[in-house]
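Input: a single structure, listed below in structure tokens.
The chain is numbered in sequence order, starting from 1.
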Amino acid sequence: MCGMDGCLVKCSSVPCATPKNDTKDTFTTINLDHGDPTMYESYWRKMGNKCDITFNGDDSLSYFANGKSLCWFLESKLEEQIKRLHNVVGNAIVDDYYIVVGTGSSQLMQAALYALSPTDQLEPISVVSATPFYSSYPEVTDFVKSGLHKWAGDARTFEKNGLYIEFITSPNNPDGVIREPVVNGNEGKLIYDLAYYWPQYTAITSPANHDVMLFTISKCTGHAGSRIGWALVKDKEVARKMTKFMEISTIGVSKEAQLRAAKILEVVSDSCLDPKMENFFEYSQSLMTDRWQRLREVVMANDFFVLQKYPLQYCLFTKDLCESHPAFAWLICKGREEEDCQKLLKEHKIHTRSGRRFGSDLRNVRISMLSRDEDFNIFLKRLMAIRGPTNEN
């Protein structure tokens, strides 16, 4: 609501999820192609007005936010809460790092590519990632057809001499596997995409400490619509170039979005430290554990699909052994090599993303595990009804 005293932004206001016992029209397609994190609505609804923030009419008029930061449009409150949350969770080193804020991590990928690409080369620097790689990497790399960088495919088969950039997504999107660099070269520049390195998805085994690390609020807290991501950058010149990319492309990042994100991160950190609050990561981990358990039961009963398995690891945050419960399921059809798993699921009104998009084959599909309860329950019901082709004599 807006009035003379300012504008109240209620971050707790979310669309009401449909009760579990309601069912959608049987002809409705369940869209699990995107990792739209609506699963988190239930937690934030419980938080009530804890995330409410107020903007006055004379707030945020200037382009500039923090004169002391190299990233001149980074709000100091967001910088403070990013550092606090990483220290609370223990998933990344923040001391002696520069923070660059972006409109989601997608823009930061482009900024990192720009900053790491040499300008004195006769040809674009090669950009690679090991299959199955995040499906947006090829498009992000080549979309503007820059003369600075060019997509070169699977890091496992890359043998070109000279400079290269490698994306390392860990846990990996789409299959949830913990990743390390693949290319065996000493001239590589590495970008670590750590969007899913949070306790609800995987064990926090050590604080990440890499030259360029990308994070996003969308997969951390579920607030994808706020479009806030951040990079932890060790080298000052790389951080400066990334900031320049942001300046040229969008002249910074929305202050309102940054301040909303700062408040949300503050509540998440508080929930981890205040025993009177429901711990956000424990709540989210419980939801993910339940969903993965039910999906595995359906897959085992069906006997036509295969799921990735994950080892038990000790988590420094939970101080316990835990198994990964990724944001996406990497489902494999047991059929012939030409089996099109995406097409098969589409026939049963389940929209997924084909393995081909990730540099893999048609038998694989990526399925979002982050939908609302109603959609997830319908997905399991429809998956259970699928039967593979019978073997002919």
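- Under a hydrophobic-cluster definition in which Ile, Leu, Val, Met, Phe, Trp and Tyr are linked whenever side-chain heavy atoms come within less than 4.5 Å, directly or via other members, M242 and I99 are assigned to the same cluster.
- Counting only distance, with no hydrogens or angles, the side chain of S249 and the backbone of F245 share a donor-acceptor pair below 3.5 Å.
- F304 has its side chain within reach of L344: a pair of non-hydrogen atoms, C-beta onward, lies under 4.5 Å apart.
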Please assess I30 against K349 for the test side chain to side chain contact (heavy atoms under 4.5 Å, CB included), listing each intermediate value before the final yes or no. CA-CA 6 Å; I30 302 301; K349 306 296 183 182; 5.9 Å; no
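- Residues L163 and E187 share a closest heavy-atom pair of CD2-O, 3.4 Å.
- Between the side chains of R356 and N364, not a single donor N or O lies within less than 3.5 Å of an accepting N or O.
- The residues D270 and R84 are annotated as salt-bridged, a charged nitrogen and a carboxylate oxygen being separated by less than 4.0 angstrom.
- Annotation: side chain of D154 is not in contact with side chain of V128 (no heavy-atom distance under 4.5 Å).
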Run the numbers on L265 and I217 for side chain to side chain contact (heavy atoms under 4.5 Å, CB included), then give the verdict. CA-CA 8 Å; L265 295 185; I217 197 172; 4.3 Å; yes
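- Ion pair K83/D95 not flagged as a salt bridge, since none of the NZ, NE, NH1 or NH2 atoms sits closer than 4.0 Å to an Asp/Glu carboxylate oxygen.
- Judged by distance alone, with hydrogens and angles left aside, the side-chain atoms of S62 form a donor-acceptor pair with the main-chain N or O of F64 at under 3.5 Å.
- Using a 3.5 Å distance cut-off with no hydrogens or angles, the side chains of T169 and N173 do not pair a donor with an acceptor.
- The existence of a salt bridge linking K77 and E80 is excluded, since no basic side-chain nitrogen approaches an acidic carboxylate oxygen closer than 4.0 Å.
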Run the numbers on R260 and I53 for side chain to side chain contact (heavy atoms under 4.5 Å, CB included), then give the verdict. CA-CA 7 Å; R260 183 192 187 202; I53 55 177; 4.0 Å; yes
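- Looking at heavy atoms from C-beta onward, T243 lies in side-chain contact with F73 at the 4.5 angstrom threshold.
- No side-chain heavy atom of L190 sits under 4.5 Å from any side-chain heavy atom of D211.
- Taking the ring centroids of Y40 and F280, they lie under the 6.0 Å cut-off.
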Test log, rule side chain to side chain contact (heavy atoms under 4.5 Å, CB included), inputs L85 and W198: CA-CA 11 Å; L85 183 60; W198 296 101; 3.8 Å; yes
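- With S271 contributing its side chain and V268 its backbone, the two residues share a donor-acceptor pair below 3.5 Å.
- Between the side chains of N172 and D175, at least one donor N or O lies within less than 3.5 Å of an accepting N or O.
- For the residue pair T250/Q107, the side-chain donor-acceptor check at 3.5 Å is satisfied.
- Relative ring orientation between Y192 and H210 is described as parallel, the plane-to-plane angle staying below 30° on a 0-90° scale split at 30° and 60°.
- Between the side chain of E166 and the backbone N or O of K189, no donor-acceptor pair lies under 3.5 Å.
- Considering every non-hydrogen atom in both M288 and P326, the closest pair reads CE-O, 3.1 Å.
- The main-chain N or O of L287 is never found under 3.5 Å from a side-chain atom of D290 such that the two would form a donor-acceptor pair.
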CA sep, side-chain torsions, deciding dist, call: Y201, Y196, ring pair (Phe, Tyr, Trp, His ring centres under 6.0 Å): CA-CA 6 Å; Y201 305 122; Y196 304 95; 5.8 Å; yes
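- Counting heavy-atom neighbours within 6.0 Å of E139 CD, excluding the residue itself, gives a total of 12 or less.
- Looking at every heavy atom in both residues, S170 comes nearest to R179 through OG-N, 3.0 Å.
- Counting all heavy atoms, side chain and backbone alike, T216 lies closest to I228 at OG1-O, 3.6 Å.
- Judged by distance alone, the side chains of S135 and R353 do bring a donor and an acceptor atom under 3.5 Å apart.
- Ring planes of Y137 and Y134: perpendicular class, angle over 60° (limits at 30 and 60°).
- Follow the hydrophobic side-chain contacts under 4.5 Å out from W330 and you never reach L362; the two are in separate clusters.
- Closest of all the heavy-atom pairs between K219 and A195 is CB-O, 3.6 Å.
- Checked against the 6.0 Å centroid threshold, F215 and H86 count as a close aromatic pair.
- One finds the CD1 atom of I264 at 11.0 Å from the CG atom of L259 (value rounded to the nearest 0.5 Å).
- Hydrophobic clustering of Ile, Leu, Val, Met, Phe, Trp and Tyr side chains at less than 4.5 Å, counting indirect connections, keeps V306 apart from V299.
- Within a 6.0 Å radius of NZ in K244, other residues, nucleotides and ligands contribute 12 heavy atoms or fewer.
- When atom types are taken as modelled, the side chain of N279 and the backbone of E282 share a donor-acceptor pair closer than 3.5 angstrom.
- Side-chain atoms of T38 and R372 include no donor-acceptor pair closer than 3.5 Å.
- By the 4.0 Å N-to-carboxylate-O rule, E297 lies too far from R294 to be salt-bridged with it.
- For F167 and W151, the distance between ring centers is not under 6.0 angstrom.
- Donor-acceptor pairing under 3.5 Å is lacking for the side chains of D33 and T352.
- Within the model, atoms CZ of F379 and OG of S368 stand 9.5 Å from one another, a figure rounded to the nearest 0.5 Å.
- Both Y43 and F317 belong to a single network of hydrophobic side chains, linked directly or stepwise wherever heavy atoms of I, L, V, M, F, W or Y lie under 4.5 Å apart.
- By the neighbour-count criterion of 12 heavy atoms within 6.0 Å, atom CD of E159 is sparsely surrounded, having that number or fewer from other residues, nucleotides or ligands.
- Under the 4.5 Å side-chain heavy-atom criterion for Ile, Leu, Val, Met, Phe, Trp and Tyr, L232 and I165 are members of the same hydrophobic cluster.
- Enclosure of atom NZ in K150 is not indicated, since only 12 or fewer non-hydrogen atoms of other residues, nucleotides or ligands lie within 6.0 angstrom.
- Heavy atoms of other residues, nucleotides or ligands lying less than 6.0 angstrom from CG of L61 number more than 12.
- The closest side-chain heavy-atom distance from Y283 to S42 is below 4.5 Å.
- For the pair V267/M277, a side-chain contact is recorded, criterion being any heavy-atom separation below 4.5 Å from C-beta on.
- Salt-bridge annotation for R296 and E323: present, with a side-chain N of the basic residue lying under 4.0 Å from a carboxylate O of the acidic one.
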After noting the C-alpha distance and the side-chain angles of R227 and T103, does the key distance pass the side chain to side chain donor-acceptor pair (under 3.5 Å) rule? CA-CA 5 Å; R227 307 309 306 131; T103 305; over 6 Å; no
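- In this structure, Q285 and C322 have side chains that are in contact, with non-hydrogen atoms separated by less than 4.5 Å.
- In this structure, a donor-acceptor pair under 3.5 Å is present between the side chains of T202 and S324.
- The two atoms that bring P171 and G176 nearest to each other are CB-O, 3.7 Å, heavy atoms only.
- Between D375 and N31, the closest side-chain pair of non-hydrogen atoms is not below 4.5 Å.
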Does D303 form a salt bridge (charged side-chain N to carboxylate O under 4.0 Å, His left out) with K334? I'd like the steps, not just the answer. CA-CA 8 Å; D303 198 36; K334 286 183 178 179; 2.8 Å; yes
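- For E41 and K46, the salt-bridge test fails: no basic side-chain N is under 4.0 Å from an acidic carboxylate O.
- Figure legend: R291 and F376 shown as a cation-pi pair, the cationic atom lying under 6.0 angstrom from the six-membered ring centre and within 45 degrees of its axis.
- Side chains of E247 and Y63: a donor-acceptor N/O pair is absent below 3.5 angstrom, by distance only.
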